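Notes to accompany the following structure.
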Amino acid sequence: MEIKKVKRSEDYSAWYNNLVKSADLAEHSAVKGCMVIKPYGYAIWEKMQADLDKRFKETGHQNAYFPLFIPKSFFSKEASHVDGFAKECAVVTHYRLKVDETTNEIIVDPDAKLDEELIVRPTSETIIWNTYRDWIKSYRDLPLLINQWANVVRWEMRTRLFLRTTEFLWQEGHTAHATSDEAIKETEQMLEVYAEFAENILAVPVIKGVKTANERFAGALETYCIEGLMQDGKALQMGTSHFLGQNFAKAFDVKFVTKENKQEYVWATSWGVSTRLMGALIMCHSDDEGLVLPPNLAPIQVVIIPISRKEEEKVVVLERAKHIQQLLKAKNISVKLDDRDNQSPGFKFAEWELKGVPVRIAIGPRDVQNESVEVARRDTKEKQVMSMVDLDNKIEHLLSQIQKNIYQKALDYRDEHITAVDTWEEFLNVLENKTGFISAHWDGTSETEVKIKEMTKATIRCIPLNNKMETGKCVLTGNPSKQRVLFAKAY
RNA sequence: CGGGGUGUAGCGUAGCCUGGUAUCGCGCCACAUUUGGGAUGUGGAGGUCGUAGGUUCGAAUCCUGCCACCCCGACCA
């Protein structure tokens, strides 16, 4: 594989695309806007899935699976939901192909038209709430806590690997509750689950907040979100958790009998994260040498590279390498022994750096003799010679240090890129030259929000949770404001 | 969907203006020598030049349609 070097500083999006391909994470497919996730990329996604799935189960959720197709009529039942998704829906209209007798080409059989078109799900609220109507009769059926791992389709105009693809993989939680309070608690709890996952596993610091009415999910009363900051100073929405009120219960007539024998509509939440998290992971940590994976997410945490000149050395070195592999495996560390004999050590060093493996151990005859190994860490590129004594514990410790360091580095960058501004001039200046989040007063109106977006492309990423109340003047209009909100250009 | 660009072996490319059956590097296969930061030599395999038509004795090259991708917009997780 020849690696084309593209620097972040020269062309950030070319760097990103190049990295996704050269690190063997994904590639474009024959279908417009759809990607093939390659084994190495999928292994990372599987690690994300496994960790999230565990967290969902620990908070009482169960997995289920609903259909890929949604009858068109279901879609029209919740008005704002339709508005939000209608323009990006793929629609199934026929169920059969046939060979055209004159051209001998495969065509859609006009006789096989569906009576009712089916929508390929862009999200599953409607089909799920239509099902919940039958599942929920009494307060004893609540709460209903369901998650599904699925693919969804949103017909986007412009796509980018992982960040925005026509089809993407995600999980969507859909829960039903007896009270508004309980549903809000669930919404907040899942936001917290996402935030912990992002920070502890992905090592991406996030800001928790709520969206403005403009940016809210179609059909939600409140959208909570986690926002990350990428290395180019643009924000990325990494997960959302919605309080849906009784909108879907009313649209699909989902009522339950209370203890007091009264009929009431059910309260709902939905929440999701997608393969977009792969994009966040890549853009937050990686460098000009390639991917940088946090140890908690790396499919391969340690790679061992044996080095030898002569045949007799090779035997000894390989024996030592296998011994170390066993030591680390016993510690539950995922280790790859790269014993390919058709590649030079230098090539392997570069390749595993490109793939973001957190720790590399090189062992040569010199090391065997000295009872040592050479240990290199991916995040700082530092190399050190370590003695074999207690090596497994030292590597384990190093992995957790790397995890912390990657997070801290991202956190420092993020914190340096939250800039409070009080004037419109400053706002424009920071947005253009410094980038990142801008903390500014906003008069609370949609008009101002839209105006700022039109003028600068910056949007209100969120109103941070636990925001400090502070009187001030809107950065654009000068109208009174009670708190600052976070603006940024976003993906 | 609008503006701009690109498409030649797995990857990166030359050739295109001025038509004559495709260049180079990396990778791949074999053997040998190598191996502490992207090894070297020798030999070999691999291409209906994105695709469908057209012009021509002859098309990677000229013309038309289509497709895909990239960049910038609009839209969006």
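In the text below, chain A, chain B and the rest are named by the order of the sequence lines, each starting its count at 1. Quick caveat: nothing in here was measured; it's all calculated off a predicted structure.
More than 12 heavy atoms of other residues, nucleotides or ligands sit less than 6.0 Å from atom CD of A:Glu46. No more than 12 heavy atoms of other residues, nucleotides or ligands sit less than 6.0 Å from atom NZ of A:Lys208. Shown here is A:Trp149, whose CH2 atom has more than 12 heavy atoms of other residues, nucleotides or ligands within 6.0 Å. Heavy atoms of other residues, nucleotides or ligands lying less than 6.0 angstrom from CD of A:Gln369 number 12 at most.
Look at the C1' atom in both B:rG20 and B:rC69: the space between them is 32 Å, to the nearest Å. Between B:rA45 and B:rC72, the two P atoms lie 44 Å apart (nearest whole Å). Separation of the P atoms belonging to B:rU8 and B:rU35 is 38 Å when rounded to the nearest angstrom. Here, B:rC29 and B:rA59 have their P atoms 37 Å apart, quoted to the whole Å. When the P atom is compared between B:rC1 and B:rU18, the two are found 34 Å apart, to the nearest whole Å. Taking the C1' atoms as reference points, B:rG53 lies 30 Å from B:rG10, given to the whole Å. Between the C1' atoms of B:rG47 and B:rG27, the separation comes to 16 Å (whole Å).
Within the nucleic acid shown, A:Glu227 has no heavy atom closer than 4.0 Å to any nucleic acid atom. A:Arg340 comes within 4.0 angstrom of nothing in the nucleic acid, heavy atoms only. The residue A:Gln237 sits close only to the backbone: its heavy atoms come under 4.0 Å of sugar-phosphate atoms, none of a base. The residue A:Phe217 sits apart from the nucleic acid: no heavy atom pair falls under 4.0 Å. Across all strands shown, A:Thr240 has no heavy atoms under 4.0 Å from either base or sugar-phosphate atoms. Across all strands, A:Leu163 comes closer than 4.0 Å to base atoms (heavy-atom distances).
Nearer the 5' end of RNA chain B, as judged by each residue's closest nucleotide, is the contact made by A:Gly33, out of A:Gly33 and A:Lys453. Annotation: of the two residues near RNA chain B, A:Glu167 and A:Ser29, the 5′-most nearest-nucleotide partner is A:Ser29.
Side-chain N/O atoms of A:Asn17 include none lying less than 4.0 angstrom from OP1 or OP2 on B:rC69. Taking side-chain N and O atoms only, A:Lys457 has a distance below 4.0 Å to OP1 or OP2 of B:rG73. For B:rC67, the OP1/OP2 oxygens have no side-chain nitrogen or oxygen of A:Lys32 closer than 4.0 Å.
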Nucleotides 29-36 of chain B: which of its N/O atoms have a protein N/O under 3.5 Å away?
unit_1: B:rU35; atom_1: OP1; unit_2: A:Arg309; atom_2: NH1; d: 3.1
unit_1: B:rG36; atom_1: O6; unit_2: A:Gly364; atom_2: N; d: 3.4
unit_1: B:rG36; atom_1: O6; unit_2: A:Gly364; atom_2: O; d: 3.4
unit_1: B:rG36; atom_1: O6; unit_2: A:Pro365; atom_2: N; d: 3.2
unit_1: B:rG36; atom_1: O6; unit_2: A:Arg366; atom_2: N; d: 2.9
unit_1: B:rG36; atom_1: O6; unit_2: A:Asp367; atom_2: N; d: 3.4
unit_1: B:rG36; atom_1: O6; unit_2: A:Asp367; atom_2: OD2; d: 3.4
unit_1: B:rG36; atom_1: N1; unit_2: A:Gly364; atom_2: N; d: 3.4
unit_1: B:rG36; atom_1: N1; unit_2: A:Asp367; atom_2: OD2; d: 2.3
unit_1: B:rG36; atom_1: N2; unit_2: A:Asp367; atom_2: OD2; d: 3.0

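Within the structure, every pair that satisfies the ring-ring contact (aromatic ring centres under 6.0 Å, His included) test and touches residues 215-235 of chain A, not counting sequence neighbours, is listed here: A:His81-A:Phe217, A:Phe85-A:Phe217, A:Phe217-A:His242.
Whole-Å rounding puts the A:Asn18 CG to B:rG12 P distance at 10 Å.
Checked against the 6.0 Å centroid criterion, the rings of A:Trp271 and A:Phe56 qualify as a close aromatic pair.
Remark: the A:Lys381 side chain and the B:rG37 base include no donor-acceptor N/O pair separated by less than 3.5 Å.
Note on A:Arg360 versus A:Glu353: salt bridge recorded, some NZ/NE/NH1/NH2 to OD/OE distance being below 4.0 Å.
Here B:rC75 is the nucleotide among B:rC75, B:rA74, B:rG37 with the atom lying nearest to any side-chain atom of A:Glu156.
Side-chain contact annotation: A:Ser124 with A:Gln148, donor-acceptor N/O pair under 3.5 Å present.
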